[in-house]
2 protein chains.
Amino acid sequence: MTTLKELAKLLNISVSTVSKALNDSHEISEQTKIRVHELAEKLNYKPNRIAQQLKTNKTKTIGVILPTVTNPFFAEVLHGVETAASKNDYDIIVCLSEETCAKEARSLELLSNGSVDGFIIAVARESQVKQQWDHIDSIIDRKIPVLMFDRVVKDIVCDKVIVDDFQSVYEATKYLIEEEKRKNILLISNIEELSVGKLRIKGYKQAVEENNLTSDVLKLDNVDDVEEALFNYLKKNKDIDAIISNDHITGIVAINMARKLGKEIPKDISVIGFGYENTQIISSPKISIIHQKAFEIGEISIKLLIENLNNEAHELQTIIVPSELKLSGSTKKA
Amino acid sequence: MTTLKELAKLLNISVSTVSKALNDSHEISEQTKIRVHELAEKLNYKPNRIAQQLKTNKTKTIGVILPTVTNPFFAEVLHGVETAASKNDYDIIVCLSEETCAKEARSLELLSNGSVDGFIIAVARESQVKQQWDHIDSIIDRKIPVLMFDRVVKDIVCDKVIVDDFQSVYEATKYLIEEEKRKNILLISNIEELSVGKLRIKGYKQAVEENNLTSDVLKLDNVDDVEEALFNYLKKNKDIDAIISNDHITGIVAINMARKLGKEIPKDISVIGFGYENTQIISSPKISIIHQKAFEIGEISIKLLIENLNNEAHELQTIIVPSELKLSGSTKKA
DNA sequence: TTGTACGCGTTATCAA
DNA sequence: TTGATAACGCGTACAA
């Protein structure tokens, strides 16, 4: 890599003159500026980013800690994050916690040595279940800005970007009751240990109870159990006339299973799930979804964090990104 | 952040002694080592990564350029990349080209100023279509190690990790012909501009022609057109008894569409698509898939690149990662 | 207008 | 066993 020193030597001028010339300082004559720029161009000179970072004590890099990236929600968030970061000339270092507390803590620890200016994080399932977040507090104690999104910890004081988990499921349930006249609505959940899962269940229950209906939650440990569990459940509870799924997979499975059991959709049963880019295309009839604006969540998170990085007087805030109910063939009024 | 200098001042010893003590140099007495370590622990000292990078001229960071991350193939590759990188104490900076040549070139340009030790890249669709890869060659000219995976450019000389695109589709087609006695096999493709898409079509055609059957490729511009295009096609060509999809979406759509048209699966028609983690769960009957080992591709890519980074005498190679045909309910012998 | 000197935080060489 | 000094590449205050 070409350095200032090399340019200086070749041009027989000092390093600082070269530096100033390249930064278009008014102190430098047009003539030398031109000479310097020409040679720099020719040798494809680029200021060494590491040296700049050491000098300015800013990395223009953000650490992004995700539980996983094969879940389309986090993939889309990452897309939004990358887009916004790139626009603002920030790089992102991505770490996956694999839903474990240990890897999450390790990543934070390793990057908190000056590698990044701040962090964006959605906490791992394990951290949330075991309520372990000393590793996150420790970062904040060291005055490194942190922003949490989606899976958020109430007790941690930092910027937060969250989804309207309660509200969106509440509205969806209410819609099924009021508009579609459904009376026996089942909720499928495999994330009830997570804050977001709890909120969704809460939203569902509140809507059901407000209408004096009975609630029922089918809890699953694993996405692979859905078929069997649903089969058994629907066999026993033949009066179920609507299903809400708390994730982007089981709603589609529910549609397939209901059809297999001879139910017509949406005549006999309505289905609403969570969904992303291609969720609707691959189900038949097309599933109605609660569409979380994952891309926007990523974008907003980056913008807010950068604001924090640049503004000494930044005030912490919590932003709620509303979801959108996208009706389709799996509900009556689609 | 605590620095060596601060520790030295507090302990009334020199910076270099502190540095050596922390690095367990044999030159330093046990006593001072203990004193230094204790204070370092107490003040949560961590060597500034940026300064180390400047000193050693190594970043221990790899630039990962992906076309997108919402496609599950690339998401799983990223998962493998992150896992392997993390195990080897490397960080990854992730950039998304958004399938455009411009963003791809920009990312390479911006990171080639010392920010990373090397690159892993799957070229953008646009770069591949327009055959523009000066920006990649330029990186290689500057002696920065580059590894390409999946979407690879023949004319670029570097390490490569690829999938057996030709072979896997060839085998799948042959299976349909020989084992399931299918005679009219349709291939759906929406990626025929890509190297991998071309290879898959080639594999399909070769198998078909070897058996003196006629080939037919339904080309789509967009995943959204599948339903209508397939509907029209199957209406006209009622003798189609098998469908292979070149991606992870349209196979599932094909199953749904075939059922809608009153065809029984797999009695009347077999379907094989490409697939990943959850692809089979969400289709009914479960789709048979060509499973690309995306995670492994990511892992292998990192390992090979790191080998290149550390080994002066590294020899360039091309590794082919075999796919696996996972039969399920959408094919007869599943 | 140009050059000198210093510092960012670390490590390595050499001297004490 | 410890310390002084230089160097990585850059930017900048200050001197010329």
Side-chain angles (χ1 to χ4, degrees), chain A residues 1-37 39-40 43-61 89 110-117 142-144, chain B residues 1-37 39-40 43-61 89 110-117 142-144:
Chain A
M1 280 214 356
T2 319
T3 65
L4 285 183
K5 204 196 271 184
E6 287 168 34
L7 294 180
K9 200 166 205 173
L10 287 169
L11 292 168
N12 265 319
I13 55 179
S14 79
V15 172
S16 63
T17 307
V18 179
S19 172
K20 287 175 190 165
L22 288 172
N23 292 321
D24 259 337
S25 162
H26 55 273
E27 300 177 16
I28 305 296
S29 71
E30 274 309 311
Q31 209 185 2
T32 44
K33 271 190 194 173
I34 294 173
R35 284 181 63 215
V36 171
H37 273 109
L39 188 63
L43 299 186
N44 198 4
Y45 168 81
K46 294 204 203 73
N48 182 309
R49 182 90 177 291
I50 305 297
Q52 286 181 321
Q53 291 177 5
L54 184 61
K55 186 78 190 152
T56 61
N57 203 22
K58 296 214 167 127
T59 62
K60 288 278 240 168
T61 303
D89 293 319
L110 286 177
L111 293 182
S112 62
N113 58 2
S115 296
V116 301
D117 295 340
R142 280 180 262 161
K143 310 293 178 206
I144 303 177
Chain B
M1 278 211 1
T2 317
T3 66
L4 286 184
K5 203 196 271 183
E6 287 169 32
L7 294 179
K9 199 165 205 174
L10 288 169
L11 293 167
N12 264 318
I13 55 180
S14 79
V15 171
S16 55
T17 306
V18 178
S19 172
K20 286 174 190 165
L22 288 171
N23 291 320
D24 257 337
S25 164
H26 56 273
E27 300 176 16
I28 305 296
S29 71
E30 275 309 310
Q31 211 186 3
T32 45
K33 271 190 194 172
I34 293 174
R35 283 181 63 214
V36 171
H37 273 110
L39 187 64
L43 298 187
N44 198 3
Y45 167 81
K46 293 204 205 75
N48 182 308
R49 184 79 180 298
I50 305 297
Q52 286 180 321
Q53 291 177 175
L54 182 62
K55 188 74 190 153
T56 62
N57 203 23
K58 297 216 165 121
T59 63
K60 289 277 241 167
T61 304
D89 293 319
L110 286 177
L111 292 182
S112 63
N113 58 3
S115 297
V116 300
D117 295 339
R142 279 180 262 164
K143 309 294 179 205
I144 303 177

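These values consider heavy atoms only, across backbone and side chains, with no hydrogens, waters or symmetry-generated copies. In the text below, chain A, chain B and the rest are named by the order of the sequence lines, each starting its count at 1. Quantities reported herein were computed from a predicted structural model and do not represent experimental measurements.
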[X] side chain near [N] phosphate (N/O to OP1/OP2, under 4.0 Å):
X	N	answer
A:K55	C:dC6	no
A:Y45	D:dC10	yes
B:S29	D:dT2	yes

Applying a 4.0 Å non-hydrogen cut-off, can you work out what [X] is touching in the nucleic acid: base, sugar-phosphate, or nothing?
X	value
A:N48	sugar-phosphate
B:K5	sugar-phosphate
B:T56	nothing

Could you state the [atom1]-[atom2] distance from [X] to [N], rounded to the nearest angstrom?
X	N	atom1	atom2	result
A:E27	D:dG11	CD	P	14 Å
B:K20	D:dT2	NZ	P	10 Å
A:Q52	D:dT12	CD	C1'	14 Å

Do A:K46 and D:dG9 share a donor-acceptor pair, side chain to base, under 3.5 Å? no
Please confirm whether the backbone N or O of A:Q52 pairs with a side-chain atom of A:T56, one donor and one acceptor, at under 3.5 Å? yes
Determine whether B:N44 and B:T2 make a side-chain contact, defined as any pair of heavy atoms from C-beta on separated by less than 4.5 Å. no
Below 4.0 angstrom, which residues in residues 10-19 of chain B have at least one non-hydrogen atom near DNA chain D? B:I13, B:S14, B:S16, B:T17
